[in-house]
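Both counts, for ligands and for their atoms, begin at 1 and track the order of listing. What you see is a predicted model, and the numbers here were worked out from it, not measured in a lab.
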Amino acid sequence: MRHAPQLSRTHTSGSAMLLPLLYILFLMSPWSWGTPLSLPATPPRFALHLPLYKREAAPSVRRRAPKQDAIGLGDDIDITYNVLIQVGETLTPLVLDTGSSDLWVLSSSCSTDCFSVTVPLYPQTSFQPSGLAVRLAYGDSQTGTYAQGPVGKDVAGVASLRLQDQYIAAILETNTSVLQSGSAGIFGLGFPVNSVIWNKLLVTKSAREAVIEDRSHPSFGTRIFPDLSRIRGRRTLVTRGTSGGSSSPSVGEALASFATNGPLLPRLILTGALASPIFAISLQRDTVDIGGNQGMLSIGELPAGIAAENLTWVPLRGYTVAEGGLPAPEDSPNEVYPITWEVAIDDVYFDGRKLPRSALATSNITLTALLDTGNSLIRGPRDVLDAIIAQLGGNTYKCAEAHTLAFQIGGNLYPVDPRDFGSQTFENTVSQCTPNLAVTDPPGSGFLYSWSIGDPFLKSVFAAFYYGNLTHPSQDQPRIGLLSTVPSDAAQRLQAAVQLANATLSGNFPVISEAAPSGSPPSSGTGVAGVPQAHSAPPSQISHSSGATSKLTSPIGVISLLTAISTTLAL
Ligand SMILES: *[C@@H]1O[C@H](CO)[C@@H](O)[C@H](O)[C@H]1NC(C)=O
């Protein structure tokens with residue numbers, strides 16, 4: 001989640017010892033003792049019990065051309081991935097963010113720096129204001145940013161899925177770099193309880209409370225954890241404490257409000273619009289060696305050719321009330337709810353060696369990771385990252401060296417493709433690369449994950465996000481399914497990319513930006529495990545002009561390489 005652009009990487013060249021290692025990827029590890037969760041008896045079937053909007057479910061509507069269930073992704077130099085979202089009458093690209101739960105779009109009346117020639121902004125013509133406003137804060141202590149503006153309702157949709165009366169924020173002011181990266185806002189794909197808009201609508205009883213929070217509110221600068229303390233659980237029913245007064249919503253009211261005030265995808269599920277409470281993401285690669293998986297968001301089903309049985313499924317972390325989670329409802333006293341797309345990781349390996357556990361968190365906190373498409377890096381504990389750098393022999397390495405950072409999840413190893421492990425450090429030379437790693441806050445209070453694993457990892461897997469039963473997770477467990485898509489010759493492909501950069505691209509890896517398509521793009525066959533493959537950019541699209549300005553161009557965008565290597569995003 002959580003946003004913060006323009007983090008300059010510090011590049012320490014150092015006397016980088018050459019590590020005499022080209023470790024073999026240990027993909028497809030032969031052991032798989034992880035116990036996949038039991039899947040629904042019928043695996044997710046092709047969706048489309050549309051129309052989603054039940055009140056419109058007239059036969060005439062059903063007879064329309066088949067509605068789409070998947071949509072292609074735009075990719076701004078592998079730093080942000082976006083998808084076209086309908087808000088009111090506006091169709092505009094929003095950043096795909098599994099780490100947050102709110103949908104916001106820049107209003108055309110926004111006050112600062114919002115002029116855009118590239119993406120449509122939201123004119124608010126059909127916006128129904130609620131009288132509330134939110135300040136959405138993103139980031140951890142390394143990267144805090146915000147976006148603020150009024151909350152209201154409008155039609156919202158993705159691909160052919162539309163809902164009336166979706167609460168969104170029409171952002172008037174932000175210091176995020178969303179616009180600069182070719183998007184008009186953020187599409188949060190998380191759970192209702194992590195939605196600031198949902199929370200505000202639930203606990204705010206009067207317009208007098210509808211003030212924008214103070215900019216320096218206490219959680220700013222740390223990971224923003226939802227405050228669910230005002231929701232009355234079973235035990236707090238009897239207390240008449242300060243926070244448990246009669247104006248506080250009960251957990252029953254909170255659960256009921258998911259369907260009306262929740263984020264777009266949970267509402268689609270709760271209104272019965274989707275065949276299965278699932279979305280799946282594959283991310284393409286637009287740097288280093290263009291191609292990889294087809295960039296696609298599938299909603300309500302897995303893409304054709306990918307079976308639920310082929311994925312390894314792992315449950316999400318649930319947060320107890322003591323850990324800040326939602327209380328259980330009367331009718332199901334043992335419920336424990338997830339807050340975000342966070343799964344247990346068994347261990348982390350670098351170049352085949354198991355890394356030590358972080359000493360910065362107490363060992364009784366289960367090791368977990370947030371899988372976050374809104375994060376352009378792999379963020380982890382400072383001491384473990386130090387161990388990686390030590391093993392690497394410094395902060396940089398030779399780009400042709402294939403290094404493998406791998407996360408063991410559900411008993412299987414999921415490597416980061418060596419082509420995605422680092423970025424070239426300087427322009428006009430691929431002799432040095434810098435790992436795509438950054439420090440994040442240790443778990444403790446608030447979120448309990450140690451790692452926030454972003455796009456370098458998510459480019460290397462096909463990932464399915466299964467919400468399960470949103471109101472009664474014990475009935476259908478929320479989980480994530482993963483399938484590694486790193487090809488067995490990834491190291492050779494990296495070396496070929498380095499040779500190509502040296503031979504024809506003046507020592508630069510290719511870097512392109514693709515606008516979000518309005519449909520799902522045709523794939524060029526399937527790659528590892530049947531996951532659809534993106535087209536590799538034909539050489540004509542990666543022209544390169546030599547000289548001091550050294551830019552790589554694509555039909556869609558011209559991006560300075562330095563932008564690519566100095567910008568990160570963490571939503
Ligand atoms: C979720 O579980 C509750 C309690 O068993 C049930 O009433 C509800 O229908 C379930 N929701 C879905 C979508 O299956």
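Residues Gln284 and Glu514 have side chains that bring a donor and an acceptor to within less than 3.5 angstrom of each other.
Screening residues 258-270 for side chain to side chain donor-acceptor pair (under 3.5 Å) gives Gln166-Arg267 as the qualifying pairs, with residues at least two apart or on separate chains.
Contact shell of ligand 1 (protein heavy atoms, cutoff 4.0 Å): Asn469, His472, Gln475.
With a 4.5 Å cut-off on side-chain heavy atoms, Pro478 and Phe191 count as touching.
Using a 30° and 60° split on the angle between ring planes, Tyr319 and Phe225 fall in the tilted class, from 30° to 60°.
Asp420 pairs by the salt bridge (charged side-chain N to carboxylate O under 4.0 Å, His left out) definition with Arg285, Lys459, not counting sequence neighbours. Legend: residues meeting salt bridge (charged side-chain N to carboxylate O under 4.0 Å, His left out) with Asp227, ordered by chain and number and at least two apart, are absent.
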